[in-house]
Amino acid sequence: MNLMTHLPVLIVVVPLLSAALCVLFNNRKSAWLITLLASFFCFYASINLIQIVQEVDVIIYSVGGWEAPLGIELRIDALNALMLLVLSGSAVLVSIYALKSVEKEIPVQNQVLFYTALLLVKAGLIGICVTGDAFNIFVFLEISSISTYALISLGHDRRALHASYQYLIMGTIGATFILIGIGFMYVMTGTLNIQDLSQRLPVVADTSAIRAAFAFLTIGVGIKAAMLPLHQWLPNAYAYSPSVVSTFLAATATKVAIYVLIRFQLSLFGIEFSLLQMPFNKILMILGTIGILGGSVSAIYQSNVKRMLAYSSVAQIGYILLAIGLASEPGFTAALLHIFNHALMKGTLFMALGLIAFRFASTELSVMSGIGKTMPLTMAAFLIGGLSLIGVPGTAGFISKWYLVTALLDASLWPLALVILIASVLTLIYIGRVIEVAYFQPAPEGITQQKVPKSMLVALWIFALSNIYFGLYSDISLGISSLAVNQLMGVTP
Amino acid sequence: MIAAAIVALLITLALTLIRAFMGPSIYDRILAVNSFGTKTVLFIVVGGHALGWFSYVDIALMYALVNFIGTLAVMRFFEQYSPHGERS
Amino acid sequence: MIANLELVIDICLLAFLIMIVFASIKITDLFAVTMLFGIFSFVSALLFLDLDAVDVAFTEAAVGAGFTTVLMLSALRLTTRFENVKHRHSLLGLPIVILTGAALLYGVADFPNMGDANAPIHHHLAPDFIRLTQQKIDIPNIVTAVLASFRGYDTFGETVVIFSAGAAVLMLLGMGHVERKQEPEKNLILWVVVKPMIALILIFGLYVQFHGDFGAGGGFQAGVIFASGFILYSLVFGETYARKVIPATILPRLSALGVLIYGVTGLMSLISNKPFLDYNALSSNPVGGQHLGILLVEAGVGLAVFSTILLIYYSFSGREVIHYE
Amino acid sequence: MIIIGWLSDVCLLLGGFLVLTGAVGLLRLPDFFTRLHAASVTETLGAVLLIIGIMLDTGLMLDTAKLILLICVMFIANPTITHGLCRAAAHGGIKPAMETKSPMQNSTPSDSKNIYENQIQTETGVSGKAPK
Amino acid sequence: MNEILGHFNYGIVILLMMMGLYIVIASSNLIKKLIGISVFQVSVFILYITFGKITGGNPPIIVDNVDVYSNPLPHVLILTAIVVGVATTSVGLALIVRIREAYGSTDEDDINDIDKNDNFYLKNRSTT
């Protein structure tokens, strides 16, 4: 029984069973330990998977021993490997970070269940990224969503409950739209396996059922990915949830939904149908630009820094959608790069806010005056994250912005490149607001140097330094993204 | 003859449904819902026999039990809302 | 005679569904709407039975009409009963609904006629499922075979969904504690009748659990029937006695145990280097392995569903009613 | 053999007729308790007759045994529910129509409506406002 | 005629879906929204099951001397989807109970008003 061949399924099953173990042992310390071990295992597994994928292009693992269209198969190519790296990387850092932050923010009797729900969200998201079966995506989407509703509602403010309820209603409608889309495709082709569907769809592609299926799937996944008109749930959900939850969700949840969008657009429907025949690339570009500008502008007017970052997430998702809308090879590379880098940026910023919330129990801008002096390390990391968000050269943000702008210029869409620069200036404004409050306003007297738990600082600084590392040596992130794009564009892996 | 019984049952279901919608007080609705449930059980037994549904008796038995529990639950939870029942 | 009888039944049931939903839009008393939703689940389960979906009818009736109605009633106990009608915004709702309806109708136009045998879905996977179930797994109920063996990974995900719902409700409402003074007043007739009924329900639950391979039944339905047996006990004899029979503290562990049973059955096939959830590795001859695997998996699912549903009921009914006068 | 077939047809007919009259009674009768009476009595007997009709038709099989079990369940469950409902309604303040008015007036079903109207009004005042 | 009859079921199911969606959007009561979502989901299940039916076919339980079985796959998918629906409904109801205790009302518009003056109150609270 060598471990290597069973990695694709173990990376999903280990977190699921450890969530059950957490409830079985029902003790806070062991729950955190189990979460940490499961996250390390997933990180180790995702690194091995990347190496295997670079040699053998695609890993196919049929669960239950039944061949592909009959049983469910797990299919991992470069795109999945990239997503798995992002997911398990941020999961490890979040679980290191979680110990002290959970003790401070979550009531004692809920802490064991908090770790269980966190593990379930992670397993659900990994399950989505690993499976090659359309209906299985729906099942794992529901696993992660139900645990996310519970986690968001644990915020100390009563508005967290209302935000979680609105997310539940929107999320369930989205999931049901996805179910309708899968049903329509199943009726016309008779199969649920993504690979099998991509071969059988071109025959039936011009029927109205497949166009309706495409529309419903896109709207359903759009709600989960907070595409522009469907993003109302995101600001409240991220702003009022506990800091550990908003860190993990901001870094991974919407990215996985965008992965599902890419998987459906490219490997299921094929590029010419989804992006060109249906005028979807234009729609994506329009939604992307409106998202970028709208998100950045409304981020400026927020008084709660967490809500500000939530709106900036909407803007960053606008970048990714714009990159996908280009429907060109550099465009997809820029999109995948930005998925990778955005996880790093948002992880740093939200973790820094978590530390501030740990100390001041609130993330209002008015609370953070003079923090540069009282919490120097945290604000330094926040500064690195902010610069990376703006896209200052030498940080990860710059790499993805650079590739995006070059992709836009290749497609000779220079007005959109201008929009990107304007958006960077807008980002500079709202990050500048926070920096100005933190460094240039006097700290209220009586607030001395604050001692902050070491484990949280270590996790924060690993995120911040990785921001810089992937800014300077982008061979890993670029290598995997371009490999993934070649496979997708080649479309017949 | 079985077709006549089925049609009679369908009409009964419809009439009970009308009472469920119109019922002035909540107790009329509980009564209509309960009798709708029992009529459904009968409909399954007769329809299952006529149209050859598979293992219709298990389902009919299960319906009878679920309907019993559901109606008991409604009465139990409604106790507190009636004017005389003191709020728990 | 049979064909047009089925057509009449089909049309009548669909008409009932439309009437029920239309009425539940109009009625503002949430108690009545919940009961109408109970009938809605019953009639849709009838429709499933008419459309040859025996297992689904069983589950929809047990889960939809049985548990969801009781759950909504216990939620109504803790919240207000009447809907505030003046806040209706139907002008926002209508355009979105009409747009989605039009998109759905546009999509459905190209579907093959309902029930014709040469639709694509009947020729690609279905014949292989039927043939392979007879050869490789050899149990009469193809749905249970596909559910537990061919697409066992889906059902594993689904057991984790019900487990995560239990964890979520536990996080939100806690396990509830009962020292309310108002226990249900003594109703001798109910007490006498309900005692044998509960025995019947529990035995019927066991029958459904192990009858899953042959007829309608399986892990989910059995779990729900078991749980409604205990819910009936707590409804009639009061929550304090029910919690003495099954304390709420062990229920989360039981549902975790159910998920673990399912997971470990899957992992056992990894030992002999077969893929996850491959039941052929469980015993010497593959068909025996499949039977053992399906039995274990259904037991895991039954345990998880039973304990989660009872846990959710305890969380709701163990909570104090707060008055806002 | 023909007698059994004929007998099952008679049972089915009688059962169907009974169930139908119960439903009509449910609609037409003026007051809650009379409707309760109409619905439950016909249901229990109608159920027994219908199921016996089906049992005669299926002959001696496993299904017949299950049908007998079903008859017992329905025979026990239905009257209990009716009893419970009747107790709850009486406990819940529904007055039989005759008590409140002289026999002449309560024939029109409309006035039994306003007994319940004011009862429902008293309840709508229940939903309170947020504790500040 | 056969075309219309063939699609009659789909039409009614789509009408049910739209009624469910209408309840979700139009009603401001939180519990009514959840009931609307359940109606919407159950009608999607009915749509799935109507795919799998073959006229004259038997339920997918192997009985000798029968060869036309209706398709077992939609039944498996719907068994999973029903449990997912119940899980979402129970979490939603738990949330509503907590919202009722925190806000004192289960009406969307009352809660939005309370939220608005919460934000206003929090924004200009002087820092400690």
Side-chain angles (χ1 to χ4, degrees), chain A residues 70 134-136 138-139 141-143 145-150 152-154 157-173 175-180 182-184 186-188 190-192 236 239-240 302-304 307 360-362 364-370 444 446-447, chain E residues 10 14 17 20-21 24-25 30 33-34 36-38 40-45 47-52 71 73-74 76-78 80-81 83-85 87-104 106 108 111-112 114-115 118-120 122-128:
Chain A
L70 275 176
F135 189 76
N136 212 285
F138 168 75
V139 173
L141 189 72
E142 278 302 317
I143 293 178
S145 314
I146 285 179
S147 314
T148 319
Y149 306 144
I152 290 175
S153 68
L154 281 178
D157 190 323
R158 68 178 175 179
R159 284 168 294 174
L161 292 169
H162 190 207
S164 167
Y165 181 80
Q166 275 166 341
Y167 184 25
L168 182 133
I169 296 289
M170 296 274 282
T172 317
I173 292 183
T176 319
F177 272 30
I178 292 174
L179 196 62
I180 295 173
I182 294 172
F184 277 21
Y186 173 66
V187 165
M188 298 314 281
T191 166
L192 288 169
N236 290 349
Y240 299 125
Q302 296 305 327
S303 76
N304 182 336
R307 268 177 83 83
F360 292 101
S362 132
E364 287 295 322
L365 202 53
S366 50
V367 163
M368 287 168 61
S369 59
I447 308 277
Chain E
Y10 299 133
I14 286 170
M17 278 192 221
L21 204 58
V24 171
I25 294 170
L30 299 181
K33 276 182 190 280
L34 262 185
I37 279 201
S38 309
F40 184 48
Q41 280 180 335
V42 169
S43 38
V44 170
F45 303 158
L47 183 72
Y48 260 67
I49 297 291
T50 34
F51 301 154
N71 193 335
L73 197 53
V76 174
L77 304 181
I78 290 309
T80 313
V83 175
V84 165
T88 320
T89 313
S90 44
V91 172
L93 285 172
L95 271 171
I96 291 172
V97 168
R98 281 289 302 275
I99 287 175
R100 156 78 176 167
E101 280 163 11
Y103 284 90
T106 53
E108 186 79 27
I111 294 169
N112 286 339
I114 297 171
D115 267 355
D118 263 9
N119 295 348
F120 178 77
L122 266 179
K123 190 174 299 176
N124 40 38
R125 184 186 55 161
S126 66
T127 58
T128 49

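Proteins get letters first, then strands, A, B, ... in listed order; numbering begins at 1 in each.
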Heavy-atom pairs under 4.5 Å with chain A, option from Val24(E), Thr80(E), Val84(E), Leu30(E) with the top count: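 If we count pairs closer than 4.5 Å to chain A, Leu30(E) comes out on top.
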Pick from Leu21(E), Leu47(E), Ile111(E) with the largest number of heavy-atom pairs that fall under 4.5 Å of chain A: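 Sorted descending by pairs with chain A, the first entry is Ile111(E).
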Engaged part of Leu77(E) at the chain A interface, taking heavy atoms whose separation is under 4.5 Å: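 Both parts, heavy atoms under 4.5 Å.
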Tell me, for [X] versus chain E, whether the close heavy atoms (under 4.5 Å) come from the side chain, the backbone, both or neither.
X	answer
Phe135(A)	side chain
Phe177(A)	side chain
Leu365(A)	neither

Least distance between heavy atoms, Thr172(A) atom then Thr88(E) atom: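 So the minimum-distance heavy-atom pair works out to OG1-CG2, 3.4 Å.
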Closest contact, heavy atoms only, Leu192(A) versus Leu73(E):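 Nearest pair, atom of Leu192(A) first, then Leu73(E): CD1-CD2, 4.1 Å.
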Validation row, ring centre Tyr48(E) to ring centre Phe45(E) under 6.0 Å: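 Ring centroids of Tyr48(E) and Phe45(E) are no less than 6.0 Å from each other.
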Intermediate values then yes/no, side chain to side chain contact (heavy atoms under 4.5 Å, CB included), Tyr103(E) and Asp115(E): CA-CA 9 Å; Tyr103(E) 284 90; Asp115(E) 267 355; 2.8 Å; yes
Evaluation steps, side chain to side chain contact (heavy atoms under 4.5 Å, CB included), between Ile180(A) and Met17(E): CA-CA 11 Å; Ile180(A) 295 173; Met17(E) 278 192 221; 4.0 Å; yes
Between Gly171(A), Ala175(A), Ser164(A), Ser145(A), the one whose heavy-atom pairs under 4.5 Å with chain E are most numerous: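 Result: the option with the highest number of such pairs is Ser164(A).
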Ring geometry between Phe51(E) and Tyr10(E) (parallel below 30°, tilted from 30 to 60°, perpendicular above 60°):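 Correct class here is tilted.
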